[in-house]
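These notes concern the structure reproduced below.
Lettering follows sequence order; numbering is per chain, from 1.
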Number of protein chains: 2
Amino acid sequence: MTMNSVLENIKQAEHNCKEHGVRLTSKRKQVLSGLLQADKALSAYELVDQCKDESGKTMPAMSVYRILDFLAEEHLVHKLDSNNKYVACSHITCSHGHEVTQFLICEKCQRVDEINIDPSMIEQLQSNVKDAGYHLISPQLEMKCLCETCFTTFPHPN
Amino acid sequence: MTMNSVLENIKQAEHNCKEHGVRLTSKRKQVLSGLLQADKALSAYELVDQCKDESGKTMPAMSVYRILDFLAEEHLVHKLDSNNKYVACSHITCSHGHEVTQFLICEKCQRVDEINIDPSMIEQLQSNVKDAGYHLISPQLEMKCLCETCFTTFPHPN
DNA sequence: AATTGATATGATATATTGTATCATTAGAAG
DNA sequence: CTTCTAATGATACAATATATCATATCAATT
């Protein structure tokens, strides 16, 4: 992501936080900015390294985890369970609801696309859940993929 | 799951393995049986404990991980990324393909239901992936839920 | 500006999950 | 029975994550 886009995202994030009565501190900006620049999913410890590289100062892992939790609550980043990594929300600058989200995750390069799901499909998924006697609490679909580049570059199964 | 059902599953698993030219050893049976009896998702280390409780002998964590990998390759267990736990496949005794599988996971009690997805929905998911320029390599949908019991028993968000 | 209370961050320890590697044992095949 | 391979054990360690207590920062009020 270009530096301009990063700044635009940060600005919007700041605005969103203000609206929610919470603060986007400089450390939080630093972590979010790191994720936005990376343009892929990073682990908490990769973010520790990146913060060190960018600022020269060591950010404790504990702080990174706390900040990631905060950013996730603000819907500014998402945690991907598939690979225990974190990715910036790709809808910060567009006004967006937070319905069921579908992530396409490249297993090789950690590139992530966050795509929309057809509302009728969401309904069907929801009704499957309900029919089975469950209550959905975190609707996040993660699909383990290869992106086009990695698919053509690397040998792959089948 | 009743002891009878467990045994029936083990028997079928043994048969499947034989067909694939691999061995369902006694340790592997022990781990699979542990998962079948538990009737919920367990972590690798919970399985270590359970094996200790059942047999008195300590099974090294390393062995449990290897065995879980083996069982997963044989489609006898599934790894749930959502919570880093493992669950017995609920379709061992029915002849089953391994298309897209949908798991409903109770975040409180780790109960898991493995339900079928409508083929048309699978197609649509697949085509979403393809349209975004990705290649699906592991189609497993995990939905974080509360089961009916936990939903009514515990206070819940919203 | 100083006080205070709440929020955020640092520091440290430790828990949890998972892998690498080399040694040993058990099974199957001749 | 030997021999080869697959499976398991033992040990060390890496990677991910949380608990807890101390300190610093911010912001509202005096």
Side-chain angles (χ1 to χ4, degrees), chain A residues 13-14 17-18 20-35 41-52 54-74 76-87 105 107 110 142 144, chain B residues 13-14 17-35 41-52 54-74 76-87 105 107 110 142:
Chain A
E14 215 154 11
C17 284
K18 193 160 283 180
H20 296 171
V22 297
R23 283 182 295 157
L24 191 63
T25 65
S26 68
K27 305 274 177 186
R28 287 167 176 171
K29 265 185 235 175
Q30 190 183 358
V31 170
L32 177 55
S33 167
L35 271 182
L42 297 178
S43 75
Y45 283 87
E46 284 169 344
L47 276 166
V48 169
D49 292 343
Q50 156 143 1
C51 288
K52 173 85 175 186
E54 294 264 322
S55 73
K57 289 185 181 175
T58 297
M59 167 119 46
M62 189 66 251
S63 293
V64 171
Y65 276 106
R66 276 190 291 229
I67 287 170
L68 287 169
D69 284 348
F70 169 86
L71 295 172
E73 282 194 358
E74 292 301 314
L76 297 169
V77 314
H78 302 288
K79 165 155 197 194
L80 304 176
D81 292 321
S82 297
N83 51 11
N84 297 314
K85 289 184 161 60
Y86 303 82
V87 68
I105 305 163
E107 295 272 276
Q110 314 302 320
E142 301 180 22
K144 294 185 177 180
Chain B
E14 215 154 10
C17 286
K18 192 159 283 179
E19 276 204 332
H20 296 171
V22 296
R23 282 182 296 156
L24 191 64
T25 65
S26 69
K27 306 274 178 184
R28 288 168 175 171
K29 266 186 237 178
Q30 189 183 358
V31 170
L32 177 55
S33 167
L35 271 182
L42 297 178
S43 75
Y45 282 86
E46 285 169 344
L47 275 165
V48 169
D49 292 344
Q50 155 142 2
C51 287
K52 173 86 175 185
E54 292 264 321
S55 72
K57 288 185 181 175
T58 298
M59 166 120 44
M62 189 66 253
S63 293
V64 171
Y65 276 106
R66 276 190 293 230
I67 287 169
L68 287 169
D69 285 348
F70 169 86
L71 295 172
E73 282 194 358
E74 293 300 313
L76 296 169
V77 314
H78 302 288
K79 165 155 197 193
L80 303 177
D81 292 320
S82 297
N83 51 12
N84 297 314
K85 289 185 161 60
Y86 303 83
V87 68
I105 305 164
E107 295 271 275
Q110 314 302 321
E142 301 179 21

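Not a single side chain to side chain donor-acceptor pair (under 3.5 Å) links Lys85(B) to another residue, sequence neighbours left out. Residues passing the side chain to side chain donor-acceptor pair (under 3.5 Å) test with Gln110(B) are Asn83(B), sequence neighbours excluded. Evaluation of the side chain to side chain donor-acceptor pair (under 3.5 Å) rule for Ser63(A) yields no partner, not counting sequence neighbours.
Lys18(A) has its side chain out of reach of Arg23(A): every pair of non-hydrogen atoms, C-beta onward, lies at least 4.5 Å apart. The shortest distance between side-chain heavy atoms of Met59(B) and Val31(B) falls below 4.5 Å.
One interatomic measurement links the two molecules: CG of Leu80(B) to C1' of dT16(C), which rounds to 17 Å at whole-angstrom precision. If you take CG of Leu68(A) and C1' of dA8(C), they are 15 Å apart, rounded to a whole angstrom. Between the P atom of dT16(C) and the CG atom of Leu47(B) lies a distance of 15 Å, rounded to the nearest Å.
One end of the helix from dA1(C)-dT30(D) to dG30(C)-dC1(D) points its axis 20° away from the other end's axis, with each axis taken from 5 pairs and the angle rounded to 10°.
The only option from Glu73(B), Arg66(B), Glu74(B) that meets the side chain to side chain contact (heavy atoms under 4.5 Å, CB included) definition with Phe70(B) turns out to be Glu74(B).
Salt bridge annotation for Asp81(B)-Lys144(A): present, with a cationic side-chain nitrogen under 4.0 angstrom from a carboxylate oxygen.
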Mind listing the N/O atom pairs, protein and nucleotides 24-26 of chain C, below 3.5 Å?
none

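One finds the CD1 atom of Ile67(A) at 10.5 Å from the CG atom of Leu32(A) (value rounded to the nearest 0.5 Å). Atom CG of Asn84(B) and atom CG of Asn84(A) lie 5.5 Å apart (nearest 0.5 Å). Atom CG of Leu71(A) sits about 14.0 Å away from atom NZ of Lys79(A), to the nearest 0.5 Å.
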Each nucleotide of nucleotides 5-16 of chain D classed B (base within 4.0 Å of a protein heavy atom), S (only sugar-phosphate) or -, in 5' to 3' order, makes -SSBBBB----B
